[in-house]
K.L.:
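Below you'll find the structure I mean.
Computed from heavy atoms alone, side chains included, the values below leave out hydrogens, waters and symmetry copies.
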Amino acid sequence: MTEEIIALCRAMGAVPDQEELLFPLVQAVQGELAARLKAGTTPEDCGPAFPLAAAMTAMDRLSGVTGGGVSAFTAGELTVRTEGGRTGSLSAQAGRLLAPWLEDQSFFFQGVRG
């Protein structure tokens, strides 16, 4: 599955000079996402959603490591431009994509009297 995720990363814009960093990053993301799956659920149970979510998360993290994301910054009359006009981070989108298979990590009070 690692090679499939790396191929998706390449399709999303990972360049050859990032390959050395991409492989361990993808492995780490795979492990992290697999650990968040509901008990008894495997990455294969998620179908194509798991590799896609892993690739999205890896690309988001790769962008953070390599300094991507901001395409312009001006100090006078402050201007900041981001790449691609994203709505939310790729990691957040990946979490929504895998939501049916992930353990609920919401915060709630149980048995607390008001």
K.L.:
Grab the two heavy atoms, one from E103 and one from K38, that are nearest each other, plus how far apart they are.
P.N.:
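Reported closest heavy-atom pair: OE2-CA, 3.1 Å.
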K.L.:
List in chain and number order the residues that pass side chain to side chain contact (heavy atoms under 4.5 Å, CB included) with A7, two or more places apart in sequence or in another chain; answer none if no residue qualifies.
P.N.:
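Listed in chain order: nothing, the list is empty.
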K.L.:
Please name the pair of heavy atoms, one in A55 and one in L8, separated by the smallest distance, quoted to 0.1 Å.
P.N.:
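Result for this residue pair: CB-CB, 3.6 Å.
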K.L.:
Would you mind listing every salt bridge (Lys or Arg N to Asp or Glu O under 4.0 Å) that reaches into residues 5-19, with sequence neighbours excluded?
P.N.:
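As it turns out, the salt bridge (Lys or Arg N to Asp or Glu O under 4.0 Å) pairs with a partner in residues 5-19, which skip direct neighbours, are R10-E19.
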K.L.:
Looking only at non-hydrogen atoms, find the nearest pair between D45 and G40 and report the distance.
P.N.:
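For D45 and G40, the tightest heavy-atom pair comes out as OD2-O, 3.8 Å.
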K.L.:
What distance separates I5 CD1 from M59 CE, expressed to the nearest 0.5 Å?
P.N.:
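Answer rounded to 0.5 Å: 13.0 Å.
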K.L.:
Would you say the side chains of D60 and T57 form a donor-acceptor pair under 3.5 Å?
P.N.:
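D60 vs T57: no donor-acceptor pair found between side chains.
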K.L.:
Quick one: CE on M56 to CG on L97, what's the gap to the nearest 0.5 Å?
P.N.:
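So the gap between those two atoms works out to 6.0 Å.
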K.L.:
Tell me, yes or no, whether the heavy-atom count around E20 atom CD, taken from other residues, nucleotides or ligands under 6.0 Å, exceeds 12.
P.N.:
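Open.
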K.L.:
I need the minimum non-hydrogen distance between C9 and V26, along with the two atoms involved.
P.N.:
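Taking every non-hydrogen atom into account, SG-CG2, 4.2 Å.
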K.L.:
Decide yes or no on side chain to side chain contact (heavy atoms under 4.5 Å, CB included) for M12 and L52, but give the supporting numbers first.
P.N.:
CA-CA 10 Å; M12 291 181 194; L52 181 57; 3.6 Å; yes
K.L.:
With sequence neighbours left out, write down each residue that passes side chain to side chain contact (heavy atoms under 4.5 Å, CB included) with L37, or none if nothing qualifies.
P.N.:
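L37 satisfies side chain to side chain contact (heavy atoms under 4.5 Å, CB included) with T41, P43, C46, F50, W101, L102 once adjacent residues are dropped.
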K.L.:
Is there a path of hydrophobic side-chain contacts, each under 4.5 Å between heavy atoms of I/L/V/M/F/W/Y residues, joining V29 to M1?
P.N.:
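Cluster IDs for M1 and V29 match.
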K.L.:
Please give me the minimum heavy-atom distance between P51 and P48, naming the atom from each residue.
P.N.:
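Scanning both residues, the minimum pair turns out to be CD-O, 3.3 Å.
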